[in-house]
> 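Below you'll find the structure I mean.
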Amino acid sequence: MRIQGISGSRGVAVGNVYRYIQEEIVIPDYTVAEDQVEAEIGKFAAAMASTLKQLDTIRQKALKEMGPEEAAIFEAHMQIAQDPSLSDGIKSLVESSHTNVVAATAQTIETFANIFLGMEDPYMRERGADIKDIGDRLMRNMLGMNPRGLSHISGEVILVAHDLAPSDTASLDKNVVKGIVTAAGGPTSHAAIMARTLEIPAVMGVGDIEGFVDGEKAVVLGTDGIVETNPSDADWAEYTNQATAYQEELKRLRESANLEAKTTDGHHVELFGNIGKSKDAKRALTMGAQGIGLYRTEFLYMENDELPAEDVQFEEYKKVAEDMQGQPVIIRTMDIGGDKELKCLDLPTEMNPFLGYRAIRISLNRPDIFKVQLRALLRASAFGDIHIMYPMIASVEEVKQANAMLEECKAELTAEGKEFNKNIKVGIMIEVPAAAVISPILAKYVDFFSIGTNDLCQYTLAVDRMNESIGSLYQPLHPGVLRLIKHVIDASHEQGKFTGMCGELASDPVATMILLGLGLDEFSMTASSIPLIKKILRSVSKAECEDVANKALSIDTAEEITDYAKSVLAEKGLL
């Protein structure tokens, strides 16, 4: 039986089905007597101690088996668990409403998680999954239930689950779990991200796992988003050979990670990494990144009760600049808004926050906040090749205002005798269709563009990509989106500027030849995606890619463009 889902992690895997179904948490339905409030809160303290001990064990395992980037996830979990806002919220519900501590935890976790789950940025949205995972662990400890985990699995299995929490994926043994299938989620889900990090083929969003039977043979075709159960003996043998070949390919990719991203006809391509924290930079380097194409600075604002001070920001930016050893580091100024509830900044609740008070609009309205960040970025530029990038630009006026504040900061630092790169490069995100259309004008005022395809696609097609009922309409290779991308690239080149891309499309192997053929100068992506994209770039010529791009622009539908691009890669043995 063939089941169509969504590609979460490429490759082929074979194994026997193991259905991972957790015992459901049942929230107790009782209120707490006045004289029992203190004892009830004591249950939370005991559960927290157990939770922190478990998270530290997981952190150490992740550090040993997956590396510092993955271990950092659980360091963050421990920090979130100990956040006074979380514990105070739970205790307050018990004290004021006499709610039992498990129910109070469930309510508080839901509130915290929803702040992140409603965000547009997939990196930020996954923090909602982190918070839910912490809450799940806390409540299981309060109720005396077994904690989540997969360390008990043996054999060679295809793991089938409704969804996987971060702590589930951290306990995976890739020698045992050969493939992953989930009912929920998509390519930006935590399970998909971790599957790619662990290089485990995965298919997400199959909708229902009731038809899977423990022990039956299953094949995960991660690249195509297909799961096949009970294949014939002949098909099983063929898929087993494909799975072996895939593992051999991964080994070759790892060995070639640090080779130059140069096409067969000698065209060099900038291949950069996307990061969310300064500590992620070293991981990007080990995977072959030649720079940082997007450093999201939102966490500096979201993790603290107070706005981050200039020196705090300076030290973070300086660390990335030094770690990258002279390679370019493109740092995006704060991209926060009505979809991100911050403890350090009171933002209005909006009907449509993605079209509201956010990103550069907040920065220009709050120079007291914006100039602190600009000063920190300028100071850090003395320690490496830092570029500044403004998000959510829609007009020339916004660029002029932002650059005027930057000049004010330069004058202040000069007067204070502080060093900075006086020729620091400044660019903008192209994620609003208006900015794409007027890119020939905007190019006069900046040094570079970086295309954010996630928002550009959403705004161009009027599709909320988090809305599952219309998710199929979210098509990054839509002819309209491709034409906007080409227009932006051409506009920058005509004025001697460069264009990069830091949206998810940059890491899609199906799009690689098209994007290079359109003239894209720099691809930026999560570290784990770099080796494959580099392999494709090193296996094709710039001239071939130009032919592929021209052909794609002549095709009428996104589906046909995708099929065409896949066929080209398949002919070359690259997909």
Side-chain angles (χ1 to χ4, degrees), residues 7 119-126 186-189 192-193 196 269-276 284 289 291-298 330-333 335 339 354 358-360 387 389-394 427-436 439 448-466 471 473-489 492 498-516 518-530 532-533 549 552 558 561-562 565:
S7 175
M119 296 177 188
E120 171 57 22
D121 189 325
Y123 188 90
M124 294 299 175
R125 198 162 60 244
E126 287 308 315
T188 63
S189 68
I193 292 168
R196 291 193 291 271
V269 184
E270 300 287 356
L271 199 52
F272 291 179
N274 291 346
I275 64 173
I292 300 300
L294 172 64
Y295 176 12
R296 307 174 181 90
T297 59
E298 288 73 59
I330 299 176
I331 303 182
R332 183 177 69 187
T333 59
D335 186 8
D339 62 321
F354 301 120
R358 60 176 293 198
I360 196 66
H387 301 11
M389 181 164 66
Y390 308 136
M392 197 69 182
I393 292 294
I428 60 172
M429 292 279 288
I430 300 289
E431 49 195 335
V432 177
S439 54
F448 66 92
F449 295 143
S450 185
I451 302 174
T453 53
N454 302 350
D455 271 344
L456 182 63
C457 184
Q458 173 173 253
Y459 292 142
T460 301
L461 303 178
V463 174
D464 178 358
R465 64 201 189 103
M466 291 188 287
L473 299 179
Y474 181 82
Q475 300 170 327
L477 292 180
H478 187 285
V481 176
L482 286 185
R483 280 162 174 74
L484 283 179
I485 291 172
K486 176 174 172 52
H487 179 64
V488 171
I489 293 170
S492 68
F498 74 89
T499 294
M501 180 179 290
C502 57
E504 289 175 37
L505 190 62
S507 64
D508 185 350
V510 174
T512 302
M513 292 185 70
I514 295 175
L515 294 174
L516 183 57
L518 292 176
L520 190 69
D521 302 295
E522 172 250 301
F523 295 67
S524 190
M525 62 202 68
T526 55
S528 59
S529 298
I530 292 173
L532 174 59
I533 301 302
I561 292 171
T562 301

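Computed over heavy atoms, backbone and side chain alike; hydrogens, waters and symmetry mates excluded. Counting from 1, the numbers follow the sequence of the chain as shown.
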> Is there a donor-acceptor pair closer than 3.5 Å between any side-chain N or O of S529 and the backbone N or O of S507?
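Looks like no, no N/O pair under 3.5 Å.
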> Assess whether side chain to side chain contact (heavy atoms under 4.5 Å, CB included) is satisfied between V510 and L477, documenting all intermediate values.
CA-CA 10 Å; V510 174; L477 292 180; 4.3 Å; yes
> Give, for atom CE of M501 and atom CD1 of I430, the distance between the pair rounded to the nearest 0.5 Å.
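So the gap between those two atoms works out to 11.0 Å.
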> Output the distance between atom CD (E522) and atom OG (S450), rounded to the nearest 0.5 Å.
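Answer rounded to 0.5 Å: 5.5 Å.
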> Residues two or more places apart in sequence or in another chain: which of them pass side chain to side chain donor-acceptor pair (under 3.5 Å) with T499?
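Partners of T499 under the side chain to side chain donor-acceptor pair (under 3.5 Å) test: S492.
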> Could you walk me through whether I561 and I514 pass side chain to side chain contact (heavy atoms under 4.5 Å, CB included), step by step?
CA-CA 10 Å; I561 292 171; I514 295 175; 3.9 Å; yes
> Can you tell if the side chain of P476 reaches within under 4.5 Å of the side chain of E504, non-hydrogen atoms only?
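Sidechains of E504 and P476: no contact.
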> Roughly how far, to the nearest 0.5 Å, is the CG atom of L294 from the CZ atom of F272?
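Separation between the atoms: 12.0 Å.
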> Measure the CD1-CE distance between I428 and M389 for me, rounded to the nearest 0.5 Å.
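Between atom CD1 of I428 and atom CE of M389 there are 10.0 Å.
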> Please answer whether the main-chain N or O of D455 pairs with a side-chain N or O of E431 as donor and acceptor at a distance below 3.5 Å.
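No; zero donor-acceptor contacts below 3.5 Å.
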> Of the non-hydrogen atoms in T333 and P391, which two are nearest, and what is the gap between them?
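Closest approach of T333 to P391, heavy atoms only: OG1-CD, 3.1 Å.
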> Does T460 use its side chain to pair, donor to acceptor, with the backbone of C457 at less than 3.5 Å?
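Side chain of T460 to backbone of C457: no pair is present.
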> For N274 and G293, indicate whether the former's side chain and the latter's backbone hold a donor-acceptor pair under 3.5 Å.
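Not a single qualifying donor-acceptor pair exists.
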> Could you tell me which non-hydrogen atom of A506 sits nearest to which non-hydrogen atom of L515, and how far apart they are?
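Nearest pair, atom of A506 first, then L515: CA-CD1, 4.3 Å.
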> Would you call the rings of F448 and H387 parallel, tilted or perpendicular if under 30° counts as parallel and over 60° as perpendicular?
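Ring orientation of F448 relative to H387: tilted.
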> Only counting residues at least two apart or in another chain, list the ones meeting side chain to side chain donor-acceptor pair (under 3.5 Å) with D521.
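Listed in chain order: H493.
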> Looking at CG of L520 and NZ of K486, how far apart are the two atoms once the value is rounded to the nearest 0.5 Å?
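That separation rounds to 12.5 Å.
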> Which pair of non-hydrogen atoms, one from A284 and one from A527, has the smallest distance, and what is that distance?
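What the structure gives for the nearest pair is CA-CB, 3.9 Å.
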> Tell me the closest heavy-atom pair linking D508 and I533, and the distance in Å.
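Scanning both residues completely, I find the closest heavy atoms to be C-CD1, 4.2 Å.
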> Before you tell me yes or no, could you show the steps for L505 and F523 under side chain to side chain contact (heavy atoms under 4.5 Å, CB included), namely the whole-Å CA-CA distance, both residues' side-chain angles and the distance that decides it to 0.1 Å?
CA-CA 9 Å; L505 190 62; F523 295 67; over 6 Å; no
> Could you give me the CA-CA distance, side-chain angles and deciding distance for D335 and R358, then say whether salt bridge (charged side-chain N to carboxylate O under 4.0 Å, His left out) is met?
CA-CA 7 Å; D335 186 8; R358 60 176 293 198; 3.5 Å; yes
> Hey, could you give me the OG1/CG distance between T512 and L532, rounded to the nearest 0.5 Å?
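Spacing of OG1 (T512) from CG (L532) equals 7.0 Å.
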> Would you check, one step at a time, whether the test side chain to side chain contact (heavy atoms under 4.5 Å, CB included) holds for T453 with V481?
CA-CA 9 Å; T453 53; V481 176; 5.7 Å; no
> List the atom of M392, the atom of M429, and the distance in Å for their closest heavy-atom pair.
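Looking at all heavy atoms of both residues, the closest pair is N-CB, 4.2 Å.
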> Are the side chains of I393 and V432 in touch, meaning some heavy atoms are under 4.5 Å apart?
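SC-SC contact between I393 and V432 ruled out.
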> Which heavy atom in G480 sits nearest to a heavy atom in H478, and how many Å separate them?
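Nearest heavy atoms, G480 then H478: N-ND1, 2.8 Å.
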> Run the side chain to side chain donor-acceptor pair (under 3.5 Å) test against Y295 and tell me which residues pass, sequence neighbours left out.
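Residues passing side chain to side chain donor-acceptor pair (under 3.5 Å) with Y295: none at all.
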